[in-house]
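Indexing begins at 1, ligand by ligand and atom by atom, following the structure's order.
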Amino acid sequence: MVTNKRNEALKKAKIAVVGGGIAGASAALCLGEFGLDVTLFEKGTSLVNGPPMCHLHAGGNLYREISDEQCITLLKQSIDLLRFYPFAVDYRPTVIAVPTEDSGEPKDLLPRLRTLQSEYTSLIASDPHNKVLGECNDYFKLYDRKQVEALQKQPYVEHPAQLDDWMIPVVKHIDLDKVKFPLIMVQEYGLNIFRMASGISLALEKIANCKVLLNCTVTDITAKTDESGWIVTYQQKGQKEQQAEFDYLVNAAGFRSGMLDDALGFKQERMVEFKAAYVTKWDHSKTMWPEVIFHGERGTPRGMAQFTPYPGGYFQLHGMTKSITLFEEGLSAS
Ligand SMILES: Cc1cc2nc3c(=O)[nH]c(=O)nc-3n(C[C@H](O)[C@H](O)[C@H](O)COP(=O)(O)OP(=O)(O)OC[C@H]3O[C@@H](n4cnc5c(N)ncnc54)[C@H](O)[C@@H]3O)c2cc1C
């Protein structure tokens with residue numbers, strides 16, 4: 001009875017979500033699907049149009065520096081994301097290579113990979129729908145030099161089906177004398193932000209209780225004097241500033257969320273990661289590629305490098321070298 005009353009009260013509640021990036025748009029979609037009255041404010045011309053996302057961190061294998069607990073959290077969050085947005089995923093694995101000049105060894109990564117594999121196995125045991133990263137036994141696979149040299153002689157496979165098929169373009173292109181063995185393949189897939197953006201936009205259009213305001217900047221937020229909610233001041237392009245009252249507020253303004261926190265007097269510590277990304281078209285690519293990560297020590301000229309394939313022969317190179325790194329001085333100040 002109490003729960004029913006609470007649910008009814010909640011359904012009448014008005015919720016403002018500020019920011020239509022992946023966080024805000026997903027929050028609006030979830031709350032809207034529960035039948036709640038949601039208004040999503042996005043200052044850009046469309047939803048999910050901010051910084052890129054191209055790699056599903058299903059286990060956090062990209063980052064040697066983070067803890068096992070953080071990796072397990074990333075595994076769980078990635079499984080949730082795959083279950084929520086299955087249409088936004090490019091199903092291809094990731095290969096991790098440790099360069100010979102790097103002080104780390106591939107075998108140092110194995111305890112964590114085994115932990116993640118066993119966590120994935122338990123998550124499937126608790127709910128079979130969690131099986132979205134392939135078979136548990138395939139979560140990662142090691143390739144020694146002999147196996148790699150045998151794969152080098154194989155022809156390209158136009159539509160890779162087996163793990164080995166994905167490895168062929170990698171081993172045909174990298175200098176085997178410059179990497180340590182084994183090479184590691186993990187089930188970290190690609191994220192297609194364009195499919196995600198269009199899928200979310202179409203889904204939100206169908207939810208009558210969810211209002212999406214594009215080209216609409218939230219300029220100020222204040223708490224109501226009786227602390228029963230929030231007054232949001234916003235301006236739609238070409239129109240005068242307006243105000244609306246809400247019972248709940250979701251601050252999903254991305255790296256600008258601090259501006260809203262500051263307006264409300266909330267003090268938060270946040271991390272800002274800097275990264276360079278270059279996109280190129282490679283007409284001679286003869287097959288589909290996995291992603292390839294070259295591990296490297298953060299904050300040095302030979303920091304991590306990431307080679308990300310997109311459909312249609314496009315590739316993105318990202319770097320985290322000395323001048324482009326989160327780890328230079330720890331946290332960035334703003
Ligand atoms: C080069 C690069 C590569 C990356 N690669 C990956 C990757 O491979 N995998 C991965 O998981 N992540 C990746 N990221 C990180 C990822 O892009 C972010 O974590 C993600 O976009 C954060 O989403 P968000 O919704 O929190 O914020 P955002 O995407 O920043 O969205 C915030 C939204 O709020 C809107 N907004 C802000 N202020 C207001 C206001 N006052 N009024 C109205 N609207 C407002 C903005 O216009 C924006 O649309 C990468 C980032 C970069 C820079």
At a 4.0 Å threshold, what atoms of ligand 1 neighbour a non-hydrogen atom of [X]?
| X | value |
| --- | --- |
| H57 | 7 (C), 9 (N), 10 (C), 11 (O) |
| G21 | 25 (O), 29 (O), 31 (O), 33 (C), 49 (O) |
| C216 | 43 (C) |
| F41 | 43 (C), 44 (N) |

Problem - Distance flag, aromatic centroids of H173 and W282, threshold under 6.0 Å - result: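 For W282 and H173, the ring centres are under 6.0 Å apart.
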Problem - Check: Y63 ring centroid to H57 ring centroid under 6.0 Å - result: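 Here the rings of H57 and Y63 have centres that are less than 6.0 Å from each other.
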Practice task
Run the contact test for S26 against ligand 1 with a 4.0 Å cut-off on heavy atoms, strictly below, and give the result.
Solution key: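 No, S26 has no heavy atom closer than 4.0 Å to ligand 1.
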Are any of the N/O atoms in [X] less than 3.5 Å from those in ligand 1?
| X | value |
| --- | --- |
| H55 | yes |
| R256 | no |
| C54 | yes |
| V218 | yes |
| G24 | no |
| A23 | yes |
| H318 | no |

Handout entry: Distance-only polar pair, side chains of E297 and S103, donor-acceptor under 3.5 Å
Key =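 Per modelled atom types, E297 and S103 side chains form no pair under 3.5 Å.
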Exercise for the section: Examine the side chains of H318 and T308 and answer whether a donor and an acceptor come within less than 3.5 Å of each other. Expected result: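 Short answer, yes.
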Handout entry: Residue portion contacting ligand 1 (non-hydrogen atoms closer than 4.0 Å) for A252
Key =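 Looking at A252 and ligand 1, just backbone atoms fall under 4.0 Å.
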Exercise for the section: Between M259 and ligand 1, find which residue part has any heavy-atom pair under 4.0 Å and reply side chain, backbone, both or neither. Expected result: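 For M259, there is no contact with ligand 1 at all, from either part.
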Exercise for the section: Please determine if K172 forms a cation-pi arrangement with Y156, meaning its NZ or CZ atom is less than 6.0 Å from the six-membered ring centre and no more than 45° off the ring axis. Expected result: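 The answer is yes; both the distance and angle limits are met.
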Exercise for the section: Any chance you could pull the hydrophobic cluster mates of Y314, using side-chain heavy atoms under 4.5 angstrom and chaining through other members? Expected result: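 Listed partners: V279, Y310.
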Exercise for the section: Decide if atom NZ of K237 counts as having more than 12 heavy atoms of other residues, nucleotides or ligands within a radius under 6.0 Å. Expected result: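 For K237, atom NZ is not crowded (no more than 12 foreign heavy atoms under 6.0 Å).
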Exercise for the section: Mind telling me whether Y120 and Y139 have parallel, tilted or perpendicular rings, with 30° and 60° as the class edges? Expected result: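 Y139 vs Y120 ring planes: tilted.
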Problem - Residue pair E245, K14: steps toward the salt bridge (charged side-chain N to carboxylate O under 4.0 Å, His left out) verdict - result: CA-CA 8 Å; E245 294 191 5; K14 289 182 68 187; over 6 Å; no
